[in-house]
Amino acid sequence: MTQWVYSFGAGHNDGSAEMRNLLGGKGANLAEMASIGLPVPPGFTITTEVCTWYYEHGKQYPAELRDQVATALARVEQAVGARFGDHRKPLLVSVRSGARVSMPGMMDTVLNLGLNDATVDGLAAASGDARFAWDSYRRFIQMYGSVVLGVDHHRFEEIIEHVKLDRGVIEDTELTAQDWHRVVDGYKDMVAEVKGQPFPQDPEAQLWGAIGAVFGSWMNARANTYRRLHDIPADWGTAVNVQAMVFGNMGEDCATGVCFTRDPSTGEDVFYGEYLINAQGEDVVAGIRTPQPMSEARAKPGERSMEKAMPAAYAELVQVRQTLERHYRDMQDIEFTVQQNKLYMLQTRNGKRTAAASLKIAVDMAREGLIDEREAVRRVNPSALDQLLHPTLDPKAPRKLLSRGLPASPGAACGTVVFTADEAEARAAKGESVILVRIETSPEDIHGMHAAKGILTTRGGMTSHAAVVARGMGRPCVAGAGGVTVDYAGQTLMAGGKVVQAGETVTLDGATGEIFIGAVAMVEPKLSGDFETLMGWADAVRRLRVRANAETPLDAETARKFGAEGIGLCRTEHMFFDPDRIGAVRQMIMAENERGRRDALERLLPFQRQDFAALFRIMVGLPITIRLLDPPLHEFLPHTEAEIAEVAQALGADVTAMQRRAAELSEANPMLGHRGCRLGITFPEIYEMQARAIFEAAVEIGKSTRKAPVPEIMIPLVATKRELEITRAQVDRVAQEVFAESGYHVEYYVGTMIELPRAALTADSIAASADFFSFGTNDLTQTTFGLSRDDAGKFLPVYVEKGIMAKDPFVSIDVEGVGALVRIAAEKGRGVKPELKLGICGEHGGDPASIEFCETIGLDYVSCSPYRVPVARLAAAQAALNAAQAGGGGDRTA
Ligand code: ADP
Ligand code: MG
Ligand code: MG
């Protein structure tokens, strides 16, 4: 018989942390904590398999479920010494969702379940506190009413406001047992009216209602959006946790809190978090009362730290913190409640953190001996490194402070103010930088937070929704800016008498919590010692070399600074767009004969030579792959009348002739037209000029520095062996000429891009004329799928949404199709030429999943944009570790 229900802390621990797939993260860790002796209120977990079963069977439960729940509930009753639905001493439970990975969008937790008109008196008698009992009952109706029954939460707030007004009080805490009783009556009447039936009194019915709501929430729109953004498959399902209640709201010796075992923003080794005295779970994150800091070290004047207020419970928590870090060997995000000075643990999970914190924690933990260096390398998400490489505010830049909030997620962001997630998304889609400003955020805002450059909220603490989500996404965030007033209707925000309208610019500093009016200048990040340390560990384990795609001296310098080991792709056409060259380029293209072309090329030669010399100087001693002219000619054609007139004049031709020539040269399908080596074949003088520029520059640098560069000359868009033979022969001939003229010889290689399926399939014959292959996976993706990247925006997102493609194949390599061609070409190429050097250039070279693929097929290097170089270094190291673990690794070492 399938076990659908797993107990924890009830004298039974069926689960453990390894069972996260079955029990969800929350359930697995509750069981794990209980089994290592931490104080966890007893409960049970209904597995994720029930969720899957439920959706596969028209929203029915497996037949055995009811009995298994009853058995598990009985165990909880026994462990607690109270009975569910009992009138004298009722057991109350919470019902909590919990998927494999923590997921906003899922059903909110329902607390105090099991209360009704009879058990509330039992709770009052058992606790000796009627006010607490009635407050708990109204909390329950409110949570269950809004979360399970879908009653608008304003309806509940109105009723409380009404009672407060009537009693002439301001704070909830001033309300008495009788007042809460009145609130409860009001709630029940209101729910009955809205729902057309009374609020459920039967605890069993309440329990199953809440369980059904958790499973139902798995397929709601919020959860679906979140899953789509985070690549979480729908068939994972969620678990449901039912757990005995403990009460943080029974008086001044009670509290509840949320904290991290280290600072999730900076990674510092301090206990970090927030708690509230006399409060229940959701109060801390809801932002209704201002939470207080955990440690005295982090308390500001006027704040009351838990360390001071509850020394005994705090000391126990510090102990727990150490136990958890030793056990999980990672920073934990924990939830706890103190009931009458007794500590209970309600949750632990590996804490979300900023990239900076993730780096520091990994390096620190390796130094502390909690993990080894390899594990530290695995711990940092390569894509998150990107965040560290992003700008911060220039300390010297002038600025106009508007207000301050909490430094919820670091980094600086500047953009126009928008007040809704939809607008943030719409404007960002048009390329605008926006700052999303909300009173507080909820899971409905995720898409807008994603689209925004930064997030500002006026309510909520460091663990509010906005703060947690922003840190996870790497968006700068200032939260809980209490001094800022947001007026949604008027589309303005105000602080200290200043008004900012929607559409005006603000700048956020997520590291300090400051908000500025207007744009503030930013500076490039300085990379800390931890960064160097981790990169050193990564470099020690990686096999793949990492090069950069660069054509300007600035790019080349950035690339070197980030540790690039060469240039994997220098696109020469980018050198042609310069204003002082484009005229000559147009002249070359428009010339109707070789003579005209040669004149133009003569003018371009010195420019090209300079370009290459500059790159050779920066990359001294490192390989540089230079791709000869590739793009569709139309990119260079003159368009405006003035441009045409200019070319006409340079060529001594008349304007109408030039217009005719331009029309002649225009193509129906330029990406598959007159480009790549087809240019080199039809107009050999173009590649000759480029080869000459390369060799003359190499000779010049070789002579002056005595360290000759080793250029790798790459012929683009080769489909057949013959194309490469012809173009290669030209290059070789120019090389000999230059060497003879200068009396100086440099080593060089000639190879090709593999970017057409035909080239991949005939790579063995092409390899005969090639010293290296570089996989141009952008074009290879276009030509393999037969889809144009520039036009794919109209349908690719739909494909990804419908699951026809798991990911955008231009972002992450399509291993099954495009990858197969790469693999075939690599095997065939090396089959005839074992020393053939293999690399990849293009967007995929900086994508961690694609890099992993490159490792498995044994390429020599990846090449990516300069800023992605650290990402690629780390991803390559992780790929090597994974390969070693899988027992194989690349077929060859570099
Ligand atoms: P989330 O996934 O949104 O954090 P949780 O299920 O963790 O939701 O619960 C929300 C809040 O309710 C947390 O603060 C948690 O500590 C509190 N809570 C959950 N179960 C209990 C319980 N059995 N007793 C007391 N507080 C609880
Ligand atoms: Mg929740
Ligand atoms: Mg929680």
Side-chain angles (χ1 to χ4, degrees), residues 8-10 23-30 33-34 39-46 73 76 79-80 82 84 91-115 123 132 136 139-140 142-144 147 207 210-211 213-214 217-218 222-223 226 238-250 254-260 273-276 278-289 291 317 332-340 342-352 442-443 460-461 463-465 467-469 472:
F8 56 82
L23 303 180
K26 205 178 278 170
N29 284 323
L30 283 167
M33 282 199 291
V40 175
F44 56 87
T45 304
I46 303 173
L73 189 60
V76 177
V80 176
F84 196 53
L91 168 70
L92 303 188
V93 296
S94 63
V95 176
R96 322 170 63 183
S97 59
R100 279 190 214 186
V101 290
S102 124
M103 222 181 85
M106 293 302 301
M107 191 200 83
D108 286 328
T109 297
V110 175
L111 302 178
N112 310 317
L113 189 141
L115 279 172
L123 184 65
F132 153 72
S136 299
R139 281 172 188 264
F140 169 55
Q142 190 169 341
M143 278 187 161
Y144 193 94
V147 167
L207 180 61
I211 292 171
V214 174
S217 72
W218 181 250
R222 281 171 11 178
Y226 187 87
T238 180
V240 182
N241 300 290
V242 178
Q243 185 176 28
M245 282 301 299
V246 287
F247 300 98
N249 56 335
M250 278 177 92
C254 303
T256 185
V258 182
C259 51
F260 294 87
E274 297 165 327
Y275 85 111
L276 270 177
N278 198 7
Q280 210 167 32
E282 300 272 281
D283 296 348
V284 179
V285 279
I288 297 164
R289 281 163 61 193
L317 202 55
Q332 298 294 296
D333 168 356
I334 63 187
E335 290 174 11
F336 67 89
T337 283
V338 177
Q339 176 177 331
Q340 296 169 322
K342 166 103 185 70
L343 175 71
Y344 293 95
M345 296 305 299
L346 292 170
Q347 191 168 333
T348 193
R349 60 184 159 200
N350 293 341
K352 286 217 165 77
S442 74
T463 52
S464 63
H465 179 265
V468 171
V469 173

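The first residue in the sequence is number 1, and the count goes up from there. Since the model is a prediction, treat every value here as computed from it, not as a measurement. In listed order, ligands and their atoms are each counted from 1.
- Considering backbone and side-chain atoms together, Q347 places an N or O closer than 3.5 Å to an N or O of ligand 1.
- Looking at every heavy atom in both residues, G24 comes nearest to A239 through N-CB, 4.2 Å.
- Taking only non-hydrogen atoms, the option from P41, G248, S102, A244 nearest to atom 23 (N) of ligand 1 is A244.
- With T256 as the partner, the side chain to side chain contact (heavy atoms under 4.5 Å, CB included) test is satisfied by one option alone out of N249, V338, T337: T337.
- Considering both main-chain and side-chain atoms, L111 never comes within under 3.5 Å of ligand 1 through any nitrogen or oxygen pair.
- The minimum heavy-atom distance linking S136 with L123 is given by the pair CB-CD2, 4.2 Å.
- Between the side chain of Q243 and the main chain of P41, a donor-acceptor pair closer than 3.5 Å is present.
- Judged by distance alone, with hydrogens and angles left aside, the side-chain atoms of S97 form a donor-acceptor pair with the main-chain N or O of M107 at under 3.5 Å.
- Contacts with ligand 1 closer than 4.0 Å are made by side-chain heavy atoms of L346 only, the backbone lying farther away.
- Residue contacts with ligand 1 for M245 involve both N, CA, C or O and side-chain atoms from C-beta outward (heavy atoms, distance under 4.0 Å).
- Under the rule for a ring pair (Phe, Tyr, Trp, His ring centres under 6.0 Å), the partners of Y144 that lie at least two apart in sequence or sit in another chain are F140, F199.
- The shortest side-chain heavy-atom distance between V93 and V110 does not fall under the 4.5 Å cut-off.
- The closest approach between a heavy atom of Q280 and any atom of ligand 1 is not below 4.0 Å.
- Ligand 1 has a nitrogen or oxygen under 3.5 angstrom from a nitrogen or oxygen of E335.
- Checked against a 3.5 angstrom limit, the closest N/O atoms of R349 and ligand 1 fall outside it.
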Any chance you could lay out the side-chain contact (heavy atoms from CB on, under 4.5 Å) test for F247 and L92, step after step, and finish with the verdict?
CA-CA 10 Å; F247 300 98; L92 303 188; 3.8 Å; yes

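- Minimum interatomic distance between A244 and L91 (heavy atoms only, all atoms of both residues): CB-CD1, 4.0 Å.
- Between the side chain of N29 and the backbone N or O of R349 there is no donor-acceptor pair closer than 3.5 Å.
- Applying the 4.0 Å criterion to heavy atoms of V246 picks out, from ligand 1, the atoms 24 (N), 25 (C).
- Under a 4.0 Å criterion applied to the non-hydrogen atoms of T109, ligand 1 contributes the atoms 5 (P), 6 (O), 8 (O), 9 (O), 10 (C).
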Audit row: L113, M143, side-chain contact (heavy atoms from CB on, under 4.5 Å) steps and yes/no
CA-CA 9 Å; L113 189 141; M143 278 187 161; over 6 Å; no

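- Contacts between Q243 and ligand 1, counted as non-hydrogen atom pairs separated by less than 4.0 Å, involve both the backbone and the side chain.
- Considering backbone and side-chain atoms alike, S97 places every N or O at 3.5 Å or more from each N or O of ligand 1.
- The two residues P42 and V80 come nearest to each other via the heavy atoms CG-CG2, 3.6 Å.
- Around the Mg ion (ligand 3), the protein N, O or S atoms closer than 2.8 Å are E335 OE1, E335 OE2, Q347 OE1, listed by chain and residue number.
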